[in-house]
Structure formats: C-alpha cells, structure tokens
Number of protein chains: 2
Amino acid sequence: MTITIKDLARVAGVSYSTVSKALNDSPLVKPETKNKILKVAEEMGYEPNFAAQRLVSKESKVIGLIWPTLERLAPSSLVSNINEEITKSSYSMILSVNSIQSSIEMFKRFQVDGVILFSEGESESTETLSLPSVTYGVGKNKSYPVIDVNYQAAMEDAVNYLHQLGHRKIAFVGNLTTTDERQIEKSIGFQKAMTKLEIFEDGCLIDTEGFGWYDGYMATIRLINSPYQPTAIISASYDISAGLVRALRQENFNVPKDVSVLSYDNIPQMANMEIPLTSVGVPVEEIAQAMVQTLTKFIKYPQSVPLVQSLKPVITERSSCAPAEKNLISE
Amino acid sequence: MTITIKDLARVAGVSYSTVSKALNDSPLVKPETKNKILKVAEEMGYEPNFAAQRLVSKESKVIGLIWPTLERLAPSSLVSNINEEITKSSYSMILSVNSIQSSIEMFKRFQVDGVILFSEGESESTETLSLPSVTYGVGKNKSYPVIDVNYQAAMEDAVNYLHQLGHRKIAFVGNLTTTDERQIEKSIGFQKAMTKLEIFEDGCLIDTEGFGWYDGYMATIRLINSPYQPTAIISASYDISAGLVRALRQENFNVPKDVSVLSYDNIPQMANMEIPLTSVGVPVEEIAQAMVQTLTKFIKYPQSVPLVQSLKPVITERSSCAPAEKNLISE
DNA sequence: CGTAAAAATAACAACGTTGTTATTACAATT
DNA sequence: AATTGTAATAACAACGTTGTTATTTTTACG
C-alpha cells in the first residue's frame, strides 16, 4: 500500500530508474524532469524504503550509542550533546541500553555505520568491536579510537588553580574504591599535583564509595568531622558535588567564604546548583563534538584517525572559589 | 564478503530455497537435511541479512522507545524494566531521544513493530501516531492505548493509609505549577482524599516548582518554617523525596519518629535511601510488563486492546511511616 | 540534411531474503 | 508394472532500491 519509485515513475511518465536518479539528485537527469519527479514525489508523499536501500548500498547514516547504565546526570548530559552533534552531521542516533555484546549484535543487524561506546567504567574489555567505534575516558588498552579527557591534567589544573588562590589545605572527595579507571585517574592526578606542591597530607583523600549525591553528602560529613580541615575541596563529579554542597550548607559552611569548592564535570548544569560551582574538565559540548567528528572520520577513512586523541580540560569559573587568606576553616 | 544462504546452499549441496526453509524450521524439509544445513550455517558463521528480511516480510521484532527527556531516576528505572520485558518477549528495543515527530520518522524507516511513548508531560499532542503505540500516565484524550497508573487513587490510598495510622495533619510536597497532567492528578487525588476525611487545611499543599531533589529540599524547608506543621508528609516523586528527607534530617526531624514520610514512585531504589521509604504507586515492574504486553498484543490484534487500562497502585511498606500518637511535630 | 557525438532516458541485473509454484523421487495401491 | 499420491527439493518471482549498460532522443556541425 506504500508508494514506491515505480508508482512515481508511472504518474510522472518516466522509467523508475530515472526516478531513482532524480531523487538522488544525479546530474544524469534533465533539470526539468528532475523537478517534475520531485514534485510528484512530494505530492504523493513518497518515502524511500530503508530496507531496500540498505540491501543495495552500504551506508545507513545511523550511529548507534551503547549505554548499558542509565544513571547519573553528567553522562546523560553528554548523551544529549552527542545526539545533537550527530543530528548536525546528518546522521541519526539510536540508543541501546543492553550489554555491549548484544547491542553490537543488534547494531550490526541495523547496519549502523558506527558505534559510540558509553560503557561506564568497570570491566570494559579490550576486545575489538568489529564495527567502527569511539569511546571517551582514558586512552589506553583500546583497539579503537578514544577521546581522552585527561582526568589527571584536569585534577592537576584544579589543584594548581586553588594553590594560586592561596589554598594549602585541599581535600579530594571522590570514589576511591572502584575499578573504574576514570575515577582512579582523577585521584592520581590530584595526588601528583599535591605532592609536587608539597602540600599532600594524610587525610586529604575522602572516599565516597559510590557515585550518587548521597555518597558525596556522607563523605563530606566525614571530612568535616575529621582532623584534616581543608580550605578548599575538589569534588570528583557533578552528583558528588550536589551532596557536598548540601552537607557544607547544613554544617553552616559558607561557600566560598569558608571553603572553596571546585567540581569535576564541565557541564552547564553546574550553574544551576545552589551555588554556581566553578568546575574543571573538558566541556561536554567539546567532548561530544570530538567524539562524533572522530567517529564519522573513522567511518570514512579508518587510517586517518589516531587511536588516542587528547582534549584539554579547562576551568570554568563560577562563584564557588575565593582566595584563601580570609578563609581558614579553623579560626 | 558476508555469507548468504546461497553460500550455505552451495556447500550443503542443496538449493538456496531449501536453506531458507531449513533456517526457518519449516516442516517442508527433511529433518536430516535440515540438521545438515543448520550445522553448515553454524560452522560458516552465517548471519541473516536484516535488510533483506525486512524487504520481504513485515515483522521486524523491534520496538522503539521514544524518550525525549533524559532526566530523573524514576523514568530511567522504568526504561530499564521495559527493556528487560521487551527482551523477554523476544523483541529488541531501540531508543530515540529526539522529538516524537522525528523519532517516529526514524522508527518507520527501521520498520519497528511498535512504539512506546515516554514523553514526560508537557504538551503531549493528541494526534495519532501512525504506528502501534502505548504510553503510560493518565488515560484520556489519547488515540492509542494508555496504561493508566491511577495517580489519584494512589494519592487517596496514601492519605487513607496515613489517616489510619492516626495522622490528621498531612502535607503534600509536589510540583503544583506545571501543565504535566500526571503531576496535576497527584495533587487532585491528595486534595480529594483530604477533603473527604475533612482534614484538608490551608497550607498543606507545598509547591516544589520543579522535579529535582533540590526542589524537594527547598520546599521542605519552606514547609518547616510555615504555620502548617504536619505529622506526615506525602512526596510526589522519588527525586523530591530525596531532597525532602535531606531537609528533615538537617532540621533534626527524625523519620518516622517525628514525621512520617510516604513517597510516590514505587521503585526498588526507595529501599536504598537514607531511610528506606514507604512508597505508593504501581510497581515499575508491573507498569513495564503491562506496557509491553499491551503493545505486543496491540501489534497482533489492534482491536483486542482497550484504549485505557487501569493499574492498581499499592503501598509498599518500608520504615518511614509510624503511628501518629507519639509524633506531634510541635510539642 | 545527414551524421556523429552528447545528453537523456530506459532496461535490466544486482542485493539477500521469503513464499509460491514446479519438478523430481519415491512409496503405496491396484 | 502402471498409476496415483505424497514427500522432498528445486526453481523462480517477488520485495524496493541503486548502479551499470543499452537504447533512444537531442544537439552540433560539416
């Protein structure tokens, strides 16, 4: 009951192969007939049959995104951005929330042109994916391109930034007990920078033991009751910061007067928090753009794309950090 | 370079039509040849070409889920459950985060068998969707099946439950200034029940003006500082409850000793909160199951499915509600 | 005008399946 | 042994496109 190019051919009075060419804007068909056919197609509400197209040609103009763990805000913000970027590149995006394995299987059936891997940490296997892919995070041990967001550098920048503001007692609140390499990199970066500046002390690392805002809240309460009294705190993620800020408020610490706070995850939502948080990290828009540009290039010219591409983290100043002189926590 | 049924036919020494039948487990082919073919297919790693299958037959065994707003936890919990349920029914699920309009367009190209609409509130148009669809929420003004989760009844149950525990001063914390019919229904249900019991008072409705946990937090602070001092609070969603509990804790209210709390959204995650929350609503698993069963039935027999299907909310008791006698907020 | 070259269109063979129809092989019946 | 019936397999026409090749129509030029 649906309309095919043969139907168009019949009413336009040409052969169906001419219709095909006209619709694909081939130079082999006379402009006037092309227009006539286009008009007919429009009038009849023609829609090309995707399966038939797929059967003869290789490109599907669809990119699959694998996201097994629907969870926190920062990732979902990145997904939205990627979706926009993909649309801009005249691709479509479909999302699978299944395991990598079965997602790939399905995507192969759909003949997607490429895959964006969004596996949140844990045991991301090193195996090859048999479909053009990109992921982001830490650039090592992968057989496909990775957008490296340089967690270590981000954390070092954060520490140095606070150090320049005069802070000497800086705490890190993040997930320390995890196998997620992204989290590990963050704390390593922090430690390196602190050690270099010779201000690393016992007790400056606080383990949230999780990713949720409540984990951040609890960790902060523990920090406040600990002997280590920082003048500035670096948080490992948006969600943790949410709990962190809540805990500080509750315990009557003014941000940034009493404590400065600097959060990882450079997403616009940071501005909407209780206190607009100064944050560090590669801006999501930039990560999204790098990921889809890399992927589309990789799809066309697999050789032209480097396996690891490092992005530079930046600090976006808002209003949660202040110079240190006036804000010694214990006075 | 990929393997087709013709390749299998060649090495199995039969015609390709026989291979097709064998692979589809047709009774028209002798068991032994069938086995032989199956073995060859296995050995050669044959994978059917989806596009070709789509081209000849109508079923795709794929269901599309439209979810334009990646956001809060309760919905994502439902999405996960739906995905499981779909897999169980031997379908696959793909997700689009685009507008309804363009999602439908894409799904049509993929020839999905059905669509699950997950449009979070606002201006959900009444138009027909041109593809078998289901949604959930409030069952009216829709031209396709709706799983009605009966927000009003849920809220009435909640009020009555607390009333039976002896509570007379009950507050509702939820989003009052919205066009989302789901939210509206919740507050209507609450008001109805309160009025019926003749315990409705001015000030028992607190507007969060939003959906996030922080909105819940702020609203609760306002409530605590208001003249209306409830012995029990009903929250409109998981995220709001998160902020609610936080605020209570901060202001040194013990739950449930000082105040009872009952939350909408019957999801397992309620048990993982600071205080395991007693909650009301149709359990997500049940919603998920109803949605995909309704959809799959609708795909096969469009006439056999009622436009509105009401699910019964239940109260899942955890540890956030206690009898009222001992817990007058102002003593 | 006639003819060659160029431009426009038509015809047709893929692509990898499924379902229908045609053919073959083999058994059962007389 | 000829006839009929049935089980098994083969052949083939779709499905709706795209790209290649063949044919027709138009244009250009001597």
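Proteins get letters first, then strands, A, B, ... in listed order; numbering begins at 1 in each.
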Exercise. Heavy-atom contacts under 4.0 Å between residues 30-53 of chain B and DNA chain D, which residues?
Worked result: B/Lys30, B/Thr33
For this session: Anything under 30° is parallel, anything over 60° is perpendicular, the rest tilted; go ahead and classify B/Tyr136 against B/Phe118.
Result: tilted
Exercise. Can you name the one residue among B/Val62, B/Leu295, B/Asp113 that meets side chain to side chain contact (heavy atoms under 4.5 Å, CB included) with B/Tyr91?
Worked result: B/Asp113
For this session: Tell me what B/Ser17 touches on the nucleic acid: a base, only sugar-phosphate, or nothing, going by heavy atoms under 4.0 Å.
Result: base
Exercise. Which pair of heavy atoms, one from A/Asn266 and one from A/Val314, lies closest together, and at what distance?
Worked result: ND2-O, 3.2 Å
Exercise. For A/Glu42, does the CD atom have more than 12 heavy-atom neighbours from other residues, nucleotides or ligands under 6.0 Å away?
Worked result: no
For this session: List in chain and number order the residues that pass ring-ring contact (aromatic ring centres under 6.0 Å, His included) with A/Tyr151, two or more places apart in sequence or in another chain; answer none if no residue qualifies.
Result: A/Tyr264
For this session: For the residue pair A/Leu131 and A/Val112, establish whether any side-chain heavy-atom pair is separated by less than 4.5 Å.
Result: yes
Problem set entry | Where B/Ser102 and B/Asn98 come nearest, the two heavy atoms and their spacing | OG-CB, 3.3 Å
For this session: With A/Arg109 as the cation and A/Phe107 as the aromatic partner, state whether NZ or CZ is under 6.0 Å from the six-membered ring centre and within 45° of the axis.
Result: no
Problem set entry | B/Glu47 and B/Thr2 side chains, donor-acceptor separation under 3.5 Å | no
Problem set entry | Strand contacts (DNA chain C) in residues 103-110 of chain A, 4.0 angstrom heavy-atom criterion | none
Seminar exercise, completed: Terminal axes of the helix from C/dC1-D/dG30 to C/dT30-D/dA1 (5 end pairs apiece), angle rounded to 10 degrees, sit apart by 60°
Exercise. Quick check: does any side chain N or O of B/Arg10 sit under 3.5 Å from a backbone N or O of B/Ser15, one acting as donor and the other as acceptor?
Worked result: no
For this session: Walking along DNA chain C from 5' to 3', note the first and the last nucleotide with an atom under 4.0 Å from a heavy atom of chain B, and give both.
Result: C/dG16 to C/dT20
Exercise. Does B/Thr18 or A/Ser20 map to a spot on DNA chain D nearer the 5' end, using the closest nucleotide for each?
Worked result: B/Thr18
Exercise. Looking at A/Glu32 and A/Lys39, does any basic side-chain N land under 4.0 Å from a carboxylate oxygen?
Worked result: no
Problem set entry | Non-neighbouring partners of B/Lys88 that pass salt bridge (Lys or Arg N to Asp or Glu O under 4.0 Å), sequence neighbours left out | B/Glu85
Problem set entry | Closest contact, heavy atoms only, A/Gly137 versus A/Arg182 | CA-NH1, 4.0 Å
